[in-house]
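Worksheet: one structure, shown below.
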Amino acid sequence: MIFPFSFLLPLVLILSPLSTPGSGWSCLSGCVCEKRGEVNCSGRELHAVPKILDARILDPTVQVLLLGHNRMAFLPPGAFTFLPRLISLELQGNGLQRIHVQAFWRLGLLQTLDLSVNALQTLEPGTFQPLRALQILSLAGNRLIRLEPMWLGPLPLLQNLSLQDNLLSSMGSGVLDRLPALRILNLHGNPWVCDCTILFLCRWLRSQTHQVPGTESLLCVSPDRLTLRPVAALTEASFKYCAHPLTPWDLAVISVLGPFSFLVSLAGCFIVGSLLTAFRARRKKNRRIPRRPVKRPIPQTLDQDDPSKNPTTHFPTPSCSL
Ligand SMILES: *[C@@H]1O[C@H](CO)[C@@H](O)[C@H](O)[C@H]1NC(C)=O
């Protein structure tokens, strides 16, 4: 009974690797799938995320994708949608300059993302938004000058964030507020500017609820009077000169007082201007009176003046004498 089907045996042998997850066949082009659930594409001079050969033969349970030390400067939209079960993604050392805002779509299970040692200067707001399960994120060794609150968060489960060796000079409150589960934050190797913008970070460092490895090595690079002072050692007194943020009440008062004081000063100018004009007009009128003095009996007025009481009046003014 078996004999009539024995001619199919070679075919079955050829096809069998396709159905075995983790074998060389069910891998991304140019990558190695030696360990179950792990695709290793690191150090292969790749310029783009490898194309999938056939969605049916890729192990759907792949949880780890290693893409480090390649040459991918850009991550396109939906770069990893074919690996929705991914838990760990390594992209370090690629010279990455830009990540499309939709690059991480469908990675809702991802827990670890390594973007260290790349060339990122900015991130698009919402780039990490699909990563609701993310616990560990490394952006160390990039060229980030600043971090906007919307660039990272909200990441509700993020526990470990690495930002060391960037070009960060300040860290606003909004960034860390959006990371409620954060416990470990790496910040060393950044040129912190210790002006009013660092106040929030100072307070955050002093609160004992987080771990910041090497806190004492976070140093101010400016202003001059604080150069090389540890950021965490700055006291509240160092920020006495900083203005407090305006409350809604302050804003309301300012917005009412502004136009009001403008109108008052306008009215004031008008009144003062009219008074001055009226005063001048009157003075002109008064001055015109002595120009018709010809009919006035000058000698009599001079006689009536008492020179001892008013020494100036006995000199006849030029207009009077003429
Ligand atoms: C992945 O592949 C690279 C290059 O073949 C190798 O050096 C590295 O050890 C591999 N990584 C793992 C975790 O197997």
Side-chain angles (χ1 to χ4, degrees), residues 14 16-100 103-120 123 127-128 130-143 155 157-166 183-186 188-189 211 213:
I14 288 170
S16 62
L18 297 178
S19 57
T20 318
S23 72
W25 284 97
S26 58
C27 199
L28 295 176
S29 57
C31 304
V32 173
C33 300
E34 282 170 344
K35 287 185 213 155
R36 193 181 163 83
E38 181 185 290
V39 179
N40 185 351
C41 310
S42 67
R44 282 159 205 278
E45 311 266 322
L46 298 172
H47 288 265
V49 179
K51 288 275 179 296
I52 184 166
L53 289 175
D54 183 340
R56 286 164 303 169
I57 57 173
L58 182 73
D59 182 356
T61 63
V62 168
Q63 294 186 321
V64 178
L65 177 57
L66 309 178
L67 275 168
H69 310 291
N70 282 294
R71 292 167 188 270
M72 291 182 281
F74 172 61
L75 285 184
F80 307 100
T81 45
F82 58 92
L83 291 171
R85 305 246 184 133
L86 221 50
I87 283 178
S88 175
L89 175 58
E90 290 190 359
L91 285 159
Q92 76 274 30
N94 266 284
L96 257 180
Q97 290 170 12
R98 201 164 93 77
I99 299 175
H100 191 277
F104 298 125
W105 269 26
R106 288 198 70 197
L107 293 184
L109 300 179
L110 197 74
Q111 292 175 8
T112 305
L113 176 58
D114 190 348
L115 288 166
S116 61
V117 199
N118 279 299
L120 296 169
L123 297 161
T127 301
F128 299 120
L131 310 178
R132 307 297 292 176
L134 198 65
Q135 293 175 16
I136 302 172
L137 171 62
S138 179
L139 285 161
N142 277 279
R143 296 178 193 161
L155 290 171
L157 300 182
L158 192 74
Q159 295 176 9
N160 189 327
L161 175 61
S162 294
L163 292 170
Q164 68 267 31
D165 302 319
N166 274 283
R183 285 193 297 110
I184 303 172
L185 177 62
N186 277 286
H188 56 84
Q211 285 178 43

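Atoms within each ligand, like the ligands themselves, are counted from 1 in listed order.
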Validation row: R106, F80 side chains within 4.5 angstrom (heavy atoms): no
Consider side chain to side chain contact (heavy atoms under 4.5 Å, CB included). Of N186, N160, D114, which one does S138 pass it with? D114
How far is atom 4 (C) of ligand 1 from its nearest protein heavy atom, and which residue and atom is that? S42 O, 3.8 Å
Where do L113 and L91 come nearest, in terms of heavy atoms and distance? CD1-CD1, 4.3 Å
of all protein heavy atoms, closest to atom 1 (C) of ligand 1 is N40 ND2, 1.4 Å
For the residue pair L83 and L89, establish whether any side-chain heavy-atom pair is separated by less than 4.5 Å. no
Sub-4.0 Å protein heavy atom near atom 7 (O) of ligand 1: no
Output yes when the distance from some N or O of ligand 1 to some N or O of R44 is under 3.5 Å, and no in every other case. yes
Once you measure the plane-to-plane angle for F128 and F104, does it fall in the parallel (<30°), tilted (30-60°) or perpendicular (>60°) bin? parallel
Should the proximity of L66 to ligand 1, defined as any heavy atom under 4.0 Å, be assigned to the side chain, the backbone, both, or neither? side chain
